[in-house]
Amino acid sequence: MHGMISKPPRAAANLATSRLVLLLLVVMTGIAPISLYILVPALPVLATNFGSDISIAQMTVSLYMVGIALSQLIMGPLSDRFGRRPVLLGGLALMIVASVACIFAETLPQLIAARFFQALGGASGMVISRAIIRDIYERDRVASMISLVVAALMIGQMVSPLTGGLIETAFGWRAIFYAITIAAIIVAVGIAVALPETRRSRAAGSGFRGDVGILIRNRAFVGYVMCQVLASQIIFTFAGGGPYIVVTQMGRSSAEYGAWFATSGFAFLVGNLLCVRFAPRHSLEKLIWFGLALQLAGSLANLLWSIIGWNEAPAWLFGTQMIVMAGNAFVMANSAAGAISIRPEAAGTASGTMGFLQQGIGALMSQFGAYLGGHSVTTLPLTAAVLAISLLCACVMIFVVPRREVVVSEALIEQAEEEESGMM
């Protein structure tokens, strides 16, 4: 029984060396978040065209994020039960139908509803791609492959707002949804043609409830998920408060804020690329601790600059935040790899749970960051919050995640899987 669930299917045996599969992992991961950011430049136009307030137009973004969060929770367990391919293709089919509905939307509520279903289907690629990575790669390569996919995705997310602005200027906002529809069709065809089923064989009687029960009772899984989710909240909190600090407190333009914020994305990209390089030669626990050290050092320095008063200039604020973001990439990628490696045949459920918590809590932390930035006259509250989250992240690794000798050994993980399979 254990041999059945420990080895990937034969059809997936050579996938780890396939560049086409790696490209598919990137595009299936990126299609939902890129579709989110590509519409942002057109929000003022949407508000004008539909005669609505900008806050109503903003719901095409906020409810899209809710759709992403719910998709993580739904699609991951479904992919464990029915397979990666059918759930991916079903999700992309829903995204295509919803994108067509966006093109022909006559009212803003129609567009908002269609965007929700667009995210619900499109985000299936985000959660299932991590599960596929765990299906086809050995545990010591999972973190580096996640980092490689995220690094490529970051490039796409950086250019998507510019792309959306150019499309809207040249052809109108509906053309953005033509582009999304075509992209979703291309990704679906690529998956149908080139991606075989990778889901591992499951023990008889296993299911969503059993997987969830085993995972939440596993201390290592809970610790890795908490670490990954907390690390992601640094991004949401800083992104929520950053515009108010730079534009309102520092009196800079929104364009200048966009340029400074891009430095954080660049640092996150560099961190992922470094993780790709170092992950095969170091344990994921060591890489998490290295990332935590960078997070703590950068956030502590940022708090110090706030107390001294140096953070009144964007260069000091974002220069130090780049250190935080580089470390954040190490923490997020390796924590995610640890979480989905606890029970490989339930990687979809593990990935979905993690993604749901990340996005759901992130929506709240983004609002919290906006409150700190918009109701303060200094950067101190925001930088203190970032330091507090960094400290919580480190505390999880210290007090929740078991010591290395308990969780890192592949042999011990296989032994635990055998015991769990025996109990079931």
Side-chain angles (χ1 to χ4, degrees), residues 26 29-30 33 142-159 224 227-242 245-246 257-306 310-311 313-338 358 362 365 369 379 382-397:
V26 171
T29 302
V142 171
S144 62
M145 297 313 300
I146 290 176
S147 294
L148 184 59
V149 169
V150 171
L153 170 61
M154 285 298 299
I155 297 174
Q157 288 185 192
M158 286 183 199
V159 301
Y224 284 130
C227 193
Q228 202 271 353
V229 171
L230 283 170
S232 69
Q233 302 317 304
I234 293 175
I235 301 175
F236 288 111
T237 303
F238 190 82
I245 286 176
V246 174
Y257 164 74
W260 281 112
F261 188 75
T263 63
S264 298
F266 177 74
F268 190 75
L269 171 62
V270 171
N272 276 287
L273 292 175
L274 291 174
C275 190
V276 172
R277 181 178 181 84
F278 295 135
R281 299 195 297 272
H282 301 280
S283 71
L284 62 84
E285 283 78 13
K286 287 183 179 179
L287 294 175
I288 291 174
W289 277 114
F290 175 74
L292 287 171
L294 288 180
Q295 276 187 181
L296 285 169
S299 56
L300 185 60
N302 239 346
L303 182 68
L304 179 61
W305 303 162
S306 295
W310 292 353
N311 265 354
W316 284 96
L317 178 65
F318 285 93
T320 317
Q321 184 66 16
M322 288 178 70
I323 300 174
V324 177
M325 293 304 298
N328 190 264
F330 278 86
V331 178
M332 289 185 63
N334 288 281
S335 297
Q358 178 182 318
M365 293 304 292
T379 62
L382 183 64
T383 54
V386 171
L387 176 61
I389 297 171
S390 298
L391 286 170
L392 282 174
C393 210
C395 287
V396 167
M397 280 299 293

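We count residues from 1, following the sequence as given.
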pair [X]-[Y]: side-chain heavy atoms closer than 4.5 Å:
{"X": "L292", "Y": "S390", "answer": "no"}
{"X": "F290", "Y": "H282", "answer": "no"}
{"X": "Q295", "Y": "M325", "answer": "no"}
{"X": "L294", "Y": "V324", "answer": "no"}

Do F330 and F268 make the cut of ring centroids closer than 6.0 angstrom? no
Quick one: closest heavy-atom pair of [X] and [Y], and the distance?
{"X": "N302", "Y": "N311", "value": "O-ND2, 2.9 Å"}
{"X": "V386", "Y": "I234", "value": "CG1-CG2, 3.9 Å"}
{"X": "T237", "Y": "Q233", "value": "OG1-O, 2.7 Å"}
{"X": "M397", "Y": "C227", "value": "CG-SG, 3.9 Å"}
{"X": "L387", "Y": "S299", "value": "CD1-OG, 3.3 Å"}
{"X": "A333", "Y": "S147", "value": "CB-OG, 3.1 Å"}

Decide side-chain contact (heavy atoms from CB on, under 4.5 Å) for I235 and M365; before the verdict, give the C-alpha distance in whole Å, the side-chain angles of both, and the deciding distance to 0.1 Å. CA-CA 9 Å; I235 301 175; M365 293 304 292; over 6 Å; no
Main-chain N/O of [Y] paired with [X] side-chain donor or acceptor, under 3.5 Å:
{"X": "N334", "Y": "I288", "result": "no"}
{"X": "T320", "Y": "L317", "result": "no"}
{"X": "T263", "Y": "W260", "result": "yes"}

In Å, rounded to the nearest 0.5 Å, how long is the span from [atom1] of [X] to [atom2] of [Y]?
{"X": "F236", "Y": "Q358", "atom1": "CZ", "atom2": "CD", "answer": "5.5 Å"}
{"X": "S335", "Y": "L230", "atom1": "OG", "atom2": "CG", "answer": "9.5 Å"}
{"X": "I389", "Y": "L296", "atom1": "CD1", "atom2": "CG", "answer": "12.0 Å"}
{"X": "S264", "Y": "L269", "atom1": "OG", "atom2": "CG", "answer": "12.5 Å"}
{"X": "C393", "Y": "Q228", "atom1": "SG", "atom2": "CD", "answer": "9.0 Å"}

Between F318 and F238, is the ring-ring contact (aromatic ring centres under 6.0 Å, His included) condition met? List the steps. CA-CA 10 Å; F318 285 93; F238 190 82; 5.5 Å; yes
Is there a side-chain contact (heavy atoms from CB on, under 4.5 Å) between F266 and M322? Walk through the geometry before answering. CA-CA 8 Å; F266 177 74; M322 288 178 70; 4.3 Å; yes
